[in-house]
There are 2 protein chains.
Amino acid sequence: MPRKSSAADAPLRLDNQICFAVYSAAHAFNRVYKPLLDRLGLTYPQYLVMLVLWERDDVPVKDIGERLFLDSGTLTPLLKRLEAAHLVRRTRSSEDERQVLIALTAQGHALKEKARNVPQSILAASDCSVPELVAMKDEIVALRDRLNAVIGE
Amino acid sequence: MPRKSSAADAPLRLDNQICFAVYSAAHAFNRVYKPLLDRLGLTYPQYLVMLVLWERDDVPVKDIGERLFLDSGTLTPLLKRLEAAHLVRRTRSSEDERQVLIALTAQGHALKEKARNVPQSILAASDCSVPELVAMKDEIVALRDRLNAVIGE
DNA sequence: CCATATTCAATTGCGAACAATTAAATGTGA
DNA sequence: TCACATTTAATTGTTCGCAATTGAATATGG
């Protein structure tokens, strides 16, 4: 016979999981970004890398990884695709031959101007006031940082 | 010469992006879940599918997809892996031969008991009160739903 | 100075995620 | 009834994401 819904099951119910809220919201953002980023020829993770580089380029892969919480297994092929698209250049550091420095090309710099309208499109899609979004962002970042603190033990 | 940091760049700064907060929080959750789910032999997306099935099984792939915002391109191979792990059975519906119904095996049902301690481990890692987490979850779900509403135009 | 450890990127292999297409089953309108 | 559209999974191909390993460069201790 069918097991009836019990209060003991509440912690396992999908709709009670904050992780699923976050997981599904991330995918929803991805889907909203898709058509906007298609016009720039970027995927969402590539866009994040470009955001980092637009703030400061000529940085080692490791710095990008620490900023985005990604490792070389993700970044190396991604950066090779950005290089193939002529948006970045990858060169071994002369001071430390282990490092690969990532620099923007002229095209990479220029793409920043085409990207300027993206944030406001996202803001419109989120249908939310800026102060509310900032407050949510700060809460989510604080949660993320507490989770990441647990991982390092 | 180096372009100096300008107020006009604020919308493009990584730390101002709520999407990145959500994106990086999702990855942080994944990393916290990893060791817990390894003990169950599940990945995080597989765990989400099991959560759905523990609520109600014998459901078509499409229902699982609507619940999790995933399509058959993701679910078909994932469900085949759960089938290979003897956690679910996949059978064509006799009423509608287009549908594949997903049912839990005895092992699949039994795994629910082993999963009961997972939510409290996550709660501990989040280092946050339940009411605060519930409030955040509701805000994030509301944001996700507004974003998804835009996608359907 | 040398053996050892550490750092860094690249590589390999697996599991998502999704767009686009395919194929089969079912539904609908003339 | 029959042509046509819709629904549903499966498939293919590309891109992440990460664990684990490799190999080269650099740092460190004795």
Side-chain angles (χ1 to χ4, degrees), chain A residues 19-20 23-35 37-38 41-50 59-66 68-85 88 90-102 148 151, chain B residues 19-20 23-35 37-38 40-50 59-66 68-85 87-88 90-102 148 151:
Chain A
C19 60
F20 174 62
Y23 169 91
S24 55
H27 290 316
F29 267 117
N30 213 320
R31 286 188 281 265
V32 172
Y33 268 105
K34 182 87 173 47
L37 296 183
D38 278 350
L42 295 174
T43 65
Y44 180 69
Q46 288 169 6
Y47 174 69
L48 291 180
V49 169
M50 294 302 286
V59 293
V61 174
K62 184 162 201 292
D63 285 20
I64 301 174
E66 281 174 357
L68 300 179
F69 307 97
L70 297 173
D71 67 5
S72 69
T74 300
L75 289 174
T76 296
L78 187 156
L79 290 166
K80 285 183 177 176
R81 283 186 283 271
L82 289 181
E83 187 180 43
V88 307
R90 301 163 61 249
T91 53
R92 289 267 161 201
S93 164
S94 51
E95 294 111 50
D96 186 339
E97 292 279 348
R98 293 171 302 183
Q99 296 184 346
V100 169
L101 298 180
I102 308 298
N148 277 333
I151 294 164
Chain B
C19 61
F20 175 64
Y23 168 92
S24 55
H27 290 318
F29 268 117
N30 213 321
R31 287 188 280 265
V32 172
Y33 268 104
K34 181 87 173 46
L37 296 182
D38 278 350
L40 305 183
L42 295 174
T43 64
Y44 180 68
Q46 289 170 7
Y47 173 69
L48 291 180
V49 169
M50 294 302 286
V59 292
V61 174
K62 182 160 203 291
D63 285 22
I64 300 174
E66 281 174 356
L68 299 179
F69 306 97
L70 297 174
D71 67 5
S72 69
T74 300
L75 288 175
T76 296
L78 186 156
L79 290 167
K80 285 183 176 177
R81 283 186 283 271
L82 289 181
E83 187 180 41
L87 295 173
V88 307
R90 301 163 61 250
T91 53
R92 288 267 161 203
S93 164
S94 51
E95 296 111 52
D96 187 338
E97 294 277 350
R98 292 171 302 184
Q99 297 184 344
V100 168
L101 298 180
I102 308 299
N148 278 334
I151 294 163

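Within every chain, numbering begins at 1; the chains are lettered A, B, ... in the order of the sequence lines, protein sequences first and strands thereafter.
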Quiz item: Under a 4.5 Å cut-off applied to non-hydrogen side-chain atoms, are B:T43 and B:N30 in contact?
Solution: no

Quiz item: Starting at CD of A:E95 and ending at C1' of D:dA25, how long is that distance when rounded to a whole Å?
Solution: 14 Å

Self-check item: Separation of atom CZ in A:R98 from atom C1' in D:dA25, rounded to whole Å
Solution: 5 Å

Self-check item: Heavy-atom side-chain proximity of A:T74 to A:P45 below 4.5 angstrom
Solution: no

Quiz item: Measuring from B:R31:CZ to A:N148:CG, what's the distance to the nearest 0.5 Å?
Solution: 5.5 Å

Quiz item: Quick one: CG on B:L87 to CZ on B:R81, what's the gap to the nearest 0.5 Å?
Solution: 13.0 Å

Practice problem: Mark up nucleotides 15-21 of chain D, 5' to 3', with B wherever a protein heavy atom is under 4.0 angstrom from a base atom, S wherever such an atom reaches only the sugar-phosphate, and - elsewhere. | Solution: SSBBB--

Self-check item: Point-to-point distance, once rounded to the nearest 0.5 Å, from CG of A:L48 to CG of A:L42
Solution: 10.0 Å

Practice problem: Identify, with sequence neighbours excluded, every residue that meets side chain to side chain donor-acceptor pair (under 3.5 Å) alongside B:R92. | Solution: none

Exercise. Could you work out which one of D:dT8, D:dA9, D:dT11 sits closest to the side chain of B:P60?
Key: D:dA9

Quiz item: Nearest 0.5 Å, what's the CG-CG distance between A:L68 and A:L75?
Solution: 7.0 Å

Quiz item: Counting just side-chain N and O atoms, does B:K80 come under 4.0 Å of either OP1 or OP2 of D:dT11?
Solution: yes

Exercise. Establish, yes or no, whether a centroid distance under 6.0 Å links the rings of A:Y23 and B:F29.
Key: no

Quiz item: Between which nucleotides of DNA chain C, 5' to 3', does chain B make heavy-atom contacts below 4.0 Å?
Solution: C:dG15 to C:dT26

Exercise. Quickly work out the B:K62 NZ to D:dT8 P distance and round it to whole Å.
Key: 5 Å

Quiz prompt | Rounded distance in Å - CD (B:E66) to P (D:dA9) | solution = 9 Å

Exercise. Nearest whole angstrom, please: distance from the P of D:dA25 to the CZ of A:R92.
Key: 8 Å

